[in-house]
Amino acid sequence: MKLKKGNIRELLGASQEEMAVLLKISRAQWSMFESGKRDLPFEAKKQFAEMLTYVQSAKEKAAKKKPESAQPNERTARKLKLSLLTNLNRQRIVSKKISDLQKKISGAEAALHLERYCENSKNEQPQFVAVEINKILKRAKEDVQIGESFEMIELQIKLNVLQYEEKLLKAELEKLNTKN
């Protein structure tokens, strides 16, 4: 009897080692049986047939007893709710990052206006003030560029994806609730 590894694993959900232990044979014997090179000892073959019969019968009974879609799965509902909470927390974190980045950009824009004020001021600026203004200007330009950069776009995309995922999770929870 030549069997494929996947077939045995699908039928009984056991590895080669596990099958060998259950049938009280060596793993090598099971491997040879699986590849069709050798037959099982009589007792092992008999027990294997009983296992297959039992598992098949149990699957049929379970299928008749309760269709999968008949009742909402409480475990699935709990996992969906946990996923939804995790999603909402991630949305909060990403929103905070966006807000912080927007504040940084707003501050940078104000610094640019301050720099323009200092340039247009009729008062002569001492050298140390001019150096500070240049530092402020350099930082402000970098911060404004950040606002136009990939970082802000990436955060917006993450937030949009999380909001879409939230809708999907809520829809799945709703499906489970309507099956009740």
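In what follows, every heavy atom counts, from backbone to side chain, and hydrogens, waters and symmetry copies are set aside. Residue numbers count from 1 along this sequence.
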Determine, step by step, whether Met19 and Phe33 satisfy the side-chain contact (heavy atoms from CB on, under 4.5 Å) criterion, reporting the C-alpha distance in whole Å, the side-chain angles of both residues, the deciding distance to 0.1 Å, and the verdict.
CA-CA 11 Å; Met19 286 305 300; Phe33 168 72; over 6 Å; no
side-chain contact (heavy atoms from CB on, under 4.5 Å) against [X], all qualifying residues, sequence neighbours excluded:
| X | result |
| --- | --- |
| Ser99 | Lys103 |
| Gln91 | Asn87, Leu88, Leu159, Leu162, Gln163, Glu166 |
| Thr76 | Asn73, Leu80, Leu176 |

Could you pull out all residues at least two apart from [X] that satisfy side chain to side chain donor-acceptor pair (under 3.5 Å)?
| X | value |
| --- | --- |
| Arg90 | none |
| Glu60 | Gln56 |
| Gln102 | none |
| Asn89 | Arg92 |

[X]: salt bridge (charged side-chain N to carboxylate O under 4.0 Å, His left out) partners, not counting sequence neighbours:
| X | value |
| --- | --- |
| Glu154 | none |
| Lys96 | Asp100 |
| Lys97 | none |
| Lys45 | Asp39 |

With heavy-atom distances below 4.5 Å as the criterion, would you say the side chains of Gln29 and Pro41 are in contact?
yes
Please tell me if the side chains of Arg75 and Arg78 come closer than 4.5 Å, counting only heavy atoms from C-beta onward.
yes
Nearest heavy-atom pair of Ala44 and Ile25: which atoms, and what distance?
CB-CG2, 3.8 Å
Any donor and acceptor pair, going by atom type alone, linking the side chain of Ser57 with main-chain N or O of Thr53 inside 3.5 Å?
no
Separation between [atom1] of [X] and [atom2] of [Y], rounded to the nearest 0.5 Å:
| X | Y | atom1 | atom2 | result |
| --- | --- | --- | --- | --- |
| Lys37 | Met32 | NZ | CE | 6.0 Å |
| Ser31 | Glu34 | OG | CD | 6.5 Å |
| Gln156 | Glu151 | CD | CD | 11.5 Å |
| Ile98 | Ile93 | CD1 | CD1 | 12.5 Å |

Go through it in stages, so that I can follow the logic: the residues are Trp30 and Leu40, the test is side-chain contact (heavy atoms from CB on, under 4.5 Å), and I'd like the CA-CA distance, side-chain angles, deciding distance and then a yes or no.
CA-CA 7 Å; Trp30 178 257; Leu40 291 176; 3.9 Å; yes
Check which hydrophobic residues are tied to Leu168 through side-chain heavy-atom contacts below 4.5 Å, counting indirect links as well, and list them.
Tyr164
If you group Ile, Leu, Val, Met, Phe, Trp and Tyr by side-chain heavy-atom gaps below 4.5 Å, do Leu82 and Leu173 land in one group?
no
Determine whether Leu23 and Met51 satisfy the following criterion, side-chain contact (heavy atoms from CB on, under 4.5 Å), listing intermediate values before the conclusion.
CA-CA 10 Å; Leu23 298 174; Met51 287 177 182; 3.8 Å; yes
